[in-house]
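Take this structure first; my questions come after.
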Amino acid sequence: MAWVLLVVAGLLEVGWAVGLKYTEGFTRLVPSVFTVAGIVASMLLLSYASRTLPIGTAYGVWVGIGAAGAAVVGMVVLGEPVTAARIFFICLLLVAVVGLRATSGH
């Protein structure tokens with residue numbers, strides 16, 4: 001169950017990271033409320049997952065999902081540059097996440 005919570009926390013991190021763009025420095029109310037709610041929910045789920053998973057693994061996976069997901073959403077939805085180098089490094093992040101999962105002992 002901890003892994004499911006951790007993946008959901010990572011996906012929420014993608015949402016709030018992208019949401020930051022729409023808050024315009026937290027000057028827009030509705031995007032700001034959703035972004036803050038995403039931050040809180042993501043952190044809560046990370047904290048629940050870290051009760052049973054090693055914190056280094058949990059935090060690394062959470063950050064990896066968030067970073068890779070935000071980069072992909074940026075390219076697919078927000079029109080950010082799509083280059084071979086960016087795709088390569090996103091793949092490296094995903095390999096690191098899988099590696100952390102595989103070596104966590106849980």
Side-chain angles (χ1 to χ4, degrees):
M1 185 62 168
W3 284 104
V4 172
L5 294 175
L6 187 58
V7 169
V8 173
L11 294 173
L12 284 168
E13 185 187 8
V14 174
W16 70 253
V18 173
L20 285 173
K21 182 167 183 69
Y22 295 100
T23 68
E24 295 180 13
F26 290 100
T27 60
R28 296 181 62 215
L29 180 62
V30 174
S32 296
V33 168
F34 281 111
T35 299
V36 170
I39 291 169
V40 170
S42 181
M43 290 284 186
L44 282 172
L45 292 177
L46 172 62
S47 72
Y48 292 144
S50 67
R51 288 179 179 173
T52 56
L53 299 173
I55 191 61
T57 299
Y59 184 73
V61 169
W62 180 73
V63 168
I65 292 170
V72 169
V73 170
M75 289 186 286
V76 173
V77 177
L78 302 175
E80 294 177 0
V82 179
T83 65
R86 290 188 86 191
I87 292 169
F88 172 75
F89 289 115
I90 290 169
C91 289
L92 281 181
L93 277 170
L94 296 176
V95 166
V97 166
V98 171
L100 284 170
R101 167 63 173 105
T103 60
S104 74
H106 286 86

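One-based numbering along the sequence shown.
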* **Which atom of G38 lies closest to which atom of L12, heavy atoms considered** =>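 Here G38 and L12 meet closest at O-CB, 4.2 Å.
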* **ILVMFWY cluster, L93 and V63 together (side-chain gap under 4.5 Å)** =>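 In one cluster: no.
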* Asked: Quick one: does L46's side chain get under 4.5 Å of L6's, heavy atoms only?
  ->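 A side-chain contact exists here, since the closest heavy-atom pair is under 4.5 Å.
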* Asked: Taking it one step at a time, do W3 and T57 satisfy side-chain contact (heavy atoms from CB on, under 4.5 Å)?
  -> CA-CA 11 Å; W3 284 104; T57 299; 3.6 Å; yes
* Asked: From I87 CD1 over to M75 CE, what is the distance, rounded to the nearest 0.5 angstrom?
  ->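 The CD1 atom of I87 sits 5.5 Å away from the CE atom of M75.
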* Over all heavy atoms of both residues, which pair between S50 and I55 is shortest? Give the atoms and the distance, please. =>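 Looking at all heavy atoms of both residues, the shortest contact is CB-CD1, 3.6 Å.
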* Asked: Nearest 0.5 Å, what's the CG-OH distance between L44 and Y48?
  ->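 Output value for this atom pair is 5.0 Å.
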* Short question: side chain of T35, backbone of S32 - any donor-acceptor pair under 3.5 Å? ->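 Absent.
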* Side-chain heavy atoms under 4.5 angstrom apart, residues restricted to Ile, Leu, Val, Met, Phe, Trp, Tyr: same cluster for V18 and V76? ->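 Yes, one cluster joins them.
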* To do: Might you point out which heavy atoms bring T52 and A2 nearest each other, and give the distance in Å?
  =>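 T52 and A2 have their closest heavy atoms at OG1-CB, 3.1 Å.
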* Asked: Are any non-hydrogen side-chain atoms of T23 and V36 less than 4.5 angstrom apart?
  ->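 Side-chain contact under 4.5 Å: no.
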* Starting at OG of S104, measure out to CG of L100 and round the result to the nearest 0.5 Å. =>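 Interatomic distance, S104 OG to L100 CG, rounded to 0.5 Å: 8.5 Å.
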* Asked: Cluster question for you: counting only ILVMFWY and a side-chain heavy-atom cut-off of under 4.5 Å, with indirect links fine, are F88 and V82 together?
  ->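 Different clusters.
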* Asked: How many angstroms lie between CZ in F89 and CG in L94, if you round to the nearest 0.5 Å?
  ->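 So the gap between those two atoms works out to 13.5 Å.
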* Is it true that V61 and M43 fall in one hydrophobic cluster, defined by side-chain heavy atoms closer than 4.5 Å? ->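 They do share one cluster, since a chain of ILVMFWY contacts under 4.5 Å joins V61 to M43.
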* Asked: Which heavy atom of A71 sits nearest a heavy atom of I90, and at what distance?
  ->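 Looking at all heavy atoms of both residues, the closest pair is CB-CD1, 3.6 Å.
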* Roughly how far apart are F34 CZ and R28 CZ, rounded to 0.5 Å? ->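 These two atoms lie 12.0 Å from each other.
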* Under a 4.5 Å cut-off applied to non-hydrogen side-chain atoms, are Y22 and V30 in contact? ->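 No, too far: nothing below the 4.5 Å cut-off.
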* Asked: How many angstroms lie between CG in L5 and OG in S42, if you round to the nearest 0.5 Å?
  ->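 Between atom CG of L5 and atom OG of S42 there are 11.5 Å.
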* Any side-chain heavy-atom pair of L45 and W62 under 4.5 Å ->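 No, too far: nothing below the 4.5 Å cut-off.
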